[in-house]
**Q** 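What follows is a structure written as structure tokens; I'll ask about it next.
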Amino acid sequence: MGDVTVGIVGLGNVGTGALAILAENASQISLKLGFGLKVAAVCSRTVQSKTLPPTLGPVLRTTDWREVVSHPEVHIVAELVGGTGVAREILDAAIAHGKSVVTANKELMASCGPEIWDRAIQAGINLAMEASVCGGIPIHAVLREGISGDRVTALYGILNGTSNYILTEMEQRSAPLAAILSEAQALGYAEADPSADIDGFDARSKLALLAALAFGEKITPSDIFVEGIRRISPMDFQYAHTLRHTIRLVGAARQTPDGLILSVRPALIPQSTILAGVQGAYNAVWVKGAYGEDTFYYGRGAGPRPTGVAVVSDLMRVAREIRCGSPERVSPFAHERLGEYRPVAVTVQKRAYYLRFRVDDRPGIIARLAGILASKHISLESVLQEPCDTKHDLPFVITVEPTSEQSIRDAVEEMSRLDFLREAPLALPMETSL
Ligand SMILES: NC(=O)c1ccc[n+]([C@@H]2O[C@H](COP(=O)([O-])OP(=O)(O)OC[C@H]3O[C@@H](n4cnc5c(N)ncnc54)[C@H](OP(=O)(O)O)[C@@H]3O)[C@@H](O)[C@H]2O)c1
């Protein structure tokens, strides 16, 4: 069988990783496929200054992505640019030229995946997006193929390596978020603008894709409640440990009698849960199925090589489909709300909560806070206070028994008006059943 030929647009972290694997691992790849996977064209804005792997052979180098998508020899275009602007143009143009597409772009697929997939099906080409979520973990293949016979009831994930790195460093070293973030930026683990990572938006795009695949429901990022990790401090880990818990940025999609509850937020999780063992820049996804029960997937969530493997594996899958035929292409995205897994507001969820306060100490504080909780029918479970010298900025924690998120929000809003508080209380759900 003749080679299948690839054009790569974007030679940043992911593009160079994928290119290196295609060059270094070419013989293994053709052994596995039964034919070769050849790179015909590469593109980036500064392509002339890029060093390409010497074993790649002669390729077209261009700064104009249009030359790649219209290249007569290219069967598959890999879009590794990112964002929703030029990346969307590349995908649309590639599909219009009848080229199959591999993308690592979670942002684009989470916001416009259904339309793009429809156009691909109409054009009779293949689309693959494994690298868009959790870099090196083949979670799309798991949800679309591996456990597609199951009925997923819940999915939990640590979906952002940067925030997990920050939280686990904070846990181990008791250093504040700002210091760890600066170090991570200096080491190249975190972007200069870290908002997408630490404010939870990157994880939200990933959860939108995973939930769509897992539940077969139409899910958009706006269905997902999002809260980042900016307010977490080393003292929260101290209190969490006293409660035999730790803190992670958890992406969760759970089927409940009310509908699907979707959130990305910092939460207390038991130290004994498998998710608590996910350290540093690693990612994990835990899927619970009605028939197959629990399965857990773990690996590097980003980086040129792990994400490069996901891109190359997608290229191989699509190449196989091109060479051996693809009997039926089915979009993983629903267009209509199907009902059973209709997303509902996070405010209906019932959880135990951790409330952390910083107060200007004076008599009667606990009584005032307990009075507000009682007025919302929230039962107090424990009060914790680590030794502290600063009376004018005294931290302590109250945990409460399971209650609705709405009740907690109402209580926090009322508490925030109290003049002895240094800042609004921090309320974190306790995922005690994980
Ligand atoms: N980084 C990861 O570990 C990771 C993991 C999973 C998924 N992803 C996703 O993978 C995609 C790429 O991420 P990345 O980290 O590799 O990004 P990156 O390092 O910023 O690389 C982006 C590349 O796109 C090129 N580019 C930008 N605009 C272009 C244009 N108009 N025409 C041609 N080339 C253009 C850039 O060219 P120049 O180099 O010439 O400036 C650069 O080579 C994103 O969707 C990201 O979300 C990344």
Side-chain angles (χ1 to χ4, degrees), residues 7-21 41-52 60-71 77-94 101-113 116 127-140 157-165 184-185 187-197 201-210 221 280-283 285 299-315:
I8 294 185
V9 186
L11 295 175
N13 291 303
V14 181
T16 48
L19 208 54
I21 296 167
V42 296
C43 166
S44 88
R45 290 171 302 197
T46 57
V47 71
Q48 300 311 338
S49 64
K50 307 275 181 192
T51 310
L52 302 185
L60 168 77
R61 286 176 183 243
T62 175
T63 53
D64 183 0
W65 56 265
R66 291 168 194 82
E67 287 194 61
V68 178
V69 300
S70 61
H71 192 293
V77 174
E79 179 279 304
L80 306 173
V81 169
T84 53
V86 73
R88 174 75 201 247
E89 289 179 52
I90 294 167
L91 257 69
D92 285 347
V101 174
V102 166
T103 178
N105 195 326
K106 73 214 109 182
E107 208 189 338
L108 184 61
M109 296 315 282
S111 57
C112 317
I116 294 172
L127 188 55
M129 55 178 185
E130 184 63 77
S132 61
V133 178
C134 297
I137 308 175
I139 190 67
H140 286 241
I158 291 182
L159 305 176
N160 182 268
T162 305
S163 53
N164 204 56
Y165 171 82
Q185 284 167 326
L187 290 167
Y189 298 160
E191 301 287 334
D193 175 3
S195 175
D197 292 324
F201 299 113
D202 171 83
R204 182 176 72 162
S205 296
K206 293 170 178 168
L207 185 66
L209 287 174
L210 291 184
Y282 277 85
N283 280 192
V285 183
R300 288 205 178 270
R305 283 167 165 253
T307 314
V309 170
V311 169
V312 172
S313 303
D314 263 357
L315 290 169

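For ligands, and for the atoms within them, numbers begin at 1 and follow the listed sequence. Sequence positions, counted from 1, serve as the residue numbers for this chain. Please read these numbers as outputs of a predicted model, since none were measured by experiment.
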**Q** Rounded to the nearest 0.5 Å, what separation is found between the NE2 atom of H140 and the CG atom of D314?
**A**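 One gets 8.5 Å once the value is rounded to the nearest 0.5 Å.
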**Q** For T307, give me all partners under side-chain contact (heavy atoms from CB on, under 4.5 Å), at least two apart in sequence or on another chain.
**A**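 Result, side-chain contact (heavy atoms from CB on, under 4.5 Å) vs T307: V14, A131.
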**Q** Is the shortest heavy-atom distance from the side chain of S111 to the side chain of T84 under 4.5 Å?
**A**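 Yes, their side chains come closer than 4.5 Å.
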**Q** Answer whether the closest heavy-atom distance between the side chains of K50 and V42 falls below 4.5 Å.
**A**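 K50 vs V42: side chains apart.
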**Q** Taking atom CZ of R88 as the centre, does the number of heavy atoms from other residues, nucleotides or ligands within less than 6.0 Å exceed 12?
**A**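 Yes, enclosed.
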**Q** Could you tell me if the side chain of V309 sits less than 4.5 Å from the side chain of I21, heavy atoms only?
**A**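 Heavy-atom side-chain distance check passes, below 4.5 Å.
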**Q** What are the distances between nitrogen or oxygen atoms of ligand 1 and protein nitrogen or oxygen atoms, counting only those under 3.5 Å?
**A**
from: ligand 1; atom 1: 3 (O); to: G303; atom 2: N; distance (Å): 2.7
from: ligand 1; atom 1: 15 (O); to: N13; atom 2: ND2; distance (Å): 3.2
from: ligand 1; atom 1: 16 (O); to: N13; atom 2: N; distance (Å): 3.1
from: ligand 1; atom 1: 16 (O); to: V14; atom 2: N; distance (Å): 2.9
from: ligand 1; atom 1: 19 (O); to: N13; atom 2: N; distance (Å): 3.0
from: ligand 1; atom 1: 19 (O); to: N13; atom 2: ND2; distance (Å): 3.3
from: ligand 1; atom 1: 39 (O); to: K50; atom 2: NZ; distance (Å): 2.8
from: ligand 1; atom 1: 40 (O); to: S44; atom 2: OG; distance (Å): 3.0
from: ligand 1; atom 1: 40 (O); to: R45; atom 2: N; distance (Å): 3.0
from: ligand 1; atom 1: 40 (O); to: T46; atom 2: N; distance (Å): 2.6
from: ligand 1; atom 1: 40 (O); to: T46; atom 2: OG1; distance (Å): 2.6
from: ligand 1; atom 1: 41 (O); to: R45; atom 2: NE; distance (Å): 3.3
from: ligand 1; atom 1: 41 (O); to: R45; atom 2: NH2; distance (Å): 2.9
from: ligand 1; atom 1: 43 (O); to: L11; atom 2: N; distance (Å): 2.9
from: ligand 1; atom 1: 43 (O); to: G12; atom 2: N; distance (Å): 3.0
from: ligand 1; atom 1: 47 (O); to: K106; atom 2: NZ; distance (Å): 3.3

